[in-house]
There are 2 protein chains.
Amino acid sequence: MSGSPRGKAPQMAIRRLSMYYRTLAALREQGVESISSEHLSALTGSTAAQVRRDLAYFGSFGRRGVGYEVHSLQTHVQKILGIGEGWPMALIGVGNLGSALLAYDGFPRQGFRIVEAFDSDPRRVGTVIRDVVVKPMDQIKETIQARHIVMALLAVPAKAAQGVTEQLVAAGVRCLLNFAPVTLKVPPHVHLASVDLSIEVEYLSYVLRESVAEGQAAEGACSDVLRALSG
Amino acid sequence: MSGSPRGKAPQMAIRRLSMYYRTLAALREQGVESISSEHLSALTGSTAAQVRRDLAYFGSFGRRGVGYEVHSLQTHVQKILGIGEGWPMALIGVGNLGSALLAYDGFPRQGFRIVEAFDSDPRRVGTVIRDVVVKPMDQIKETIQARHIVMALLAVPAKAAQGVTEQLVAAGVRCLLNFAPVTLKVPPHVHLASVDLSIEVEYLSYVLRESVAEGQAAEGACSDVLRALSG
DNA sequence: ATTGCCACGTGAAACATATCACAAGCTCCC
DNA sequence: GGGAGCTTGTGATATGTTTCACGTGGCAAT
């Protein structure tokens, strides 16, 4: 659709597109029909030039002098990201986090749905959460192949993660979103993204420390905090 | 500590340090005493040169011809990241995700602890999860100030996120880890990290689509998957 | 029509990050 | 002591990403 993939888009551009998409959806609900790169960038914490560049990787969707038509741009971004194809997903591990993922309503809203869930704990197998029946681990392969599932969410303990990953890959899964705090090894045709809470928290810890060291102190009502930080 | 901050470390370097840290901890548990950049990079999915460069932003912690002493390197990385200072954290929003965060044992293991939890739902207020009593939202400010809390985890619905953020900032919080799918606005002295499931899933959706388009097909037992993808 | 203004799309420049390749330093062994 | 073999730390280089700045096309009003 629409000619020219002018070079390859950086990872971060894709992630920003995701944010643009969400913002456009919200704007549409509010009845906004048109938006400029300037305005969209303000809403997503980006810059106007960045918004235009990110979109330019995939085509040209606006009108000069006017801006972007919200609905049309949303549709284009949706196609770029491949949302709305209703990718079915499998969830492995129905503990605290897994349950939260099953309940997360952001997925269905964006066209992704957890249609199968698996757990190794016999007490959880057979339970039903949000219309999904928890199956035992040994049914992973047949279920995933039968339902042509290509995306899986991995919410198992760190020690089990690599083993389960290999089962999933063998079953034909192409995309894996890993929540376990480990570095997974996957073959090159399998795509991997990770959500790692420790990394995020430790990153914040680092920047906190750094900003304190740089003496970005005096800020008004921070004296308590600063006392806590320095001694 | 130890002279020379040779330039500023990129964000990604910090995140990798986090992975090195975790890997070093695991190695230490296994009784490994020494490791080379080559080996460490293999365990973390990085490259040897990258490991050395990441560390070089903060000093020189190895011995040429030998490698790194696991325990000592772990300690250095710990200090760099500011782990182990026992930062107390507050959790806002004790729904499915919030409960999962309270139960997440990766935090205490890395020296971070959720010591306060808040929720707007009166049915949840007063309940105790993992030794933490859920308090009502209107106690956020006094509690956070009294306990000198500087980091907060935000697990509230998207619509409430910005409002709660402002309360937290007013209370003196310096770091915020946001799980709500919104772009938060914070003043410059407040650091923000986000975990956004939709963005991760949509990114995978994009690379999946891209890899299929590029015809990275023939892989063996993928015919089912491919049929699902193309038809 | 013409003028004035606006906002996109995009080459080119600036900046940031990752990789390469090698000198420096350590250990071991002869 | 000296040479062989290893691995770090780091200039130099290559690659990748963001920002700048402006040409282009489009709308509105006079």
Side-chain angles (χ1 to χ4, degrees), chain A residues 2-20 24 27 32-70 72-74 76-77 80 203 206-207 210, chain B residues 2-20 24 27 32-70 72-74 76-77 80 203 206-207 210:
Chain A
S2 76
S4 39
R6 315 109 145 97
K8 272 148 210 166
Q11 270 209 22
M12 280 301 146
I14 306 302
R15 296 185 131 85
R16 284 190 298 265
L17 281 183
S18 225
M19 308 232 304
Y20 306 154
L24 290 166
L27 286 168
V32 178
E33 296 190 342
S34 156
I35 193 169
S36 67
S37 59
E38 185 71 39
H39 191 185
L40 186 53
S41 73
L43 292 174
T44 55
S46 190
T47 70
Q50 185 114 67
V51 168
R52 296 199 298 274
R53 175 68 74 200
D54 288 343
L55 294 172
Y57 284 115
F58 299 98
S60 98
F61 310 114
R63 280 158 75 194
R64 299 177 185 215
V66 181
Y68 302 91
E69 203 270 301
V70 171
S72 137
L73 183 56
Q74 193 200 355
H76 277 116
V77 174
I80 292 165
Y203 175 72
Y206 169 81
V207 291
E210 190 186 38
Chain B
S2 74
S4 41
R6 314 105 147 96
K8 273 148 211 166
Q11 269 207 25
M12 280 301 145
I14 307 302
R15 294 186 131 85
R16 283 190 297 265
L17 281 182
S18 224
M19 308 230 305
Y20 305 154
L24 290 166
L27 286 168
V32 178
E33 296 190 345
S34 155
I35 192 169
S36 68
S37 60
E38 186 70 40
H39 192 186
L40 186 53
S41 73
L43 291 174
T44 56
S46 191
T47 69
Q50 184 111 67
V51 168
R52 296 198 299 274
R53 176 67 74 195
D54 288 342
L55 294 172
Y57 285 115
F58 299 98
S60 95
F61 309 114
R63 279 159 74 195
R64 298 176 186 217
V66 181
Y68 302 90
E69 203 269 302
V70 171
S72 136
L73 184 56
Q74 193 200 357
H76 278 115
V77 175
I80 293 165
Y203 174 72
Y206 169 80
V207 291
E210 190 187 39

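A, B, ... follow the sequence lines: proteins, then strands. Residue 1 opens every chain.
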Measuring only between side-chain heavy atoms, which start at C-beta, is [X] closer than 4.5 Å to [Y]?
X        : Y         : value
Tyr68(B) : Leu24(B)  : no
Ile14(B) : Ile80(B)  : no
Ser18(A) : Tyr206(B) : no
Leu17(A) : Tyr57(A)  : no
Met19(A) : Arg15(A)  : no

Spacing between [X] atom [atom1] and [N] atom [atom2], to the nearest angstrom:
X        : N       : atom1 : atom2 : answer
Phe58(B) : dT8(D)  : CZ    : P     : 18 Å
Gln11(B) : dA18(C) : CD    : P     : 11 Å
Tyr20(B) : dT8(D)  : OH    : P     : 12 Å
Arg63(A) : dG9(C)  : CZ    : P     : 12 Å
Leu73(A) : dG9(C)  : CG    : C1'   : 14 Å
Tyr57(A) : dC8(C)  : OH    : P     : 17 Å
Met12(A) : dT19(D) : CE    : P     : 13 Å
Leu55(B) : dA18(C) : CG    : C1'   : 15 Å

Hits for side-chain contact (heavy atoms from CB on, under 4.5 Å) against Ala49(B), two or more places apart or cross-chain, chain-then-number order -> Thr47(B), Arg52(B)

| field | Which residues share a side-chain contact (heavy atoms from CB on, under 4.5 Å) with Glu33(B), sequence neighbours left out | value |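 If we apply the side-chain contact (heavy atoms from CB on, under 4.5 Å) test to Glu33(B), skipping adjacent residues, there are no hits.
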
Winner on side-chain proximity to Arg64(B), out of dT10(D), dT17(C), dG25(C), is dG25(C)

Closest to the 5' end of DNA chain D, once Val66(A) and Gly67(B) are matched to their nearest nucleotides, is Gly67(B)

Exercise. Between Ser36(B) and Ala9(A), which has a closest nucleotide on DNA chain D that is more 5'?
Worked result: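 Its nucleotide being nearer the 5' end, the pick is Ser36(B).
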
Any side-chain N or O of [X] under 4.0 Å from OP1/OP2 of [N]?
X        : N      : answer
Ser37(A) : dA7(C) : no
Ser60(A) : dG9(C) : yes
Tyr68(A) : dG9(C) : yes

Quiz item: If you find the nucleotide of DNA chain C closest to Gly62(A) and the one closest to Gly65(A), which residue's nucleotide is nearer the 5' end?
Solution: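 Closest to the 5' end, via its nearest nucleotide, is Gly65(A).
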
Please work out which residues in residues 43-53 of chain A have a non-hydrogen atom less than 4.0 Å from an atom of DNA chain D and list them by number.
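Correct list: Thr47(A), Gln50(A), Arg52(A), Arg53(A).
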
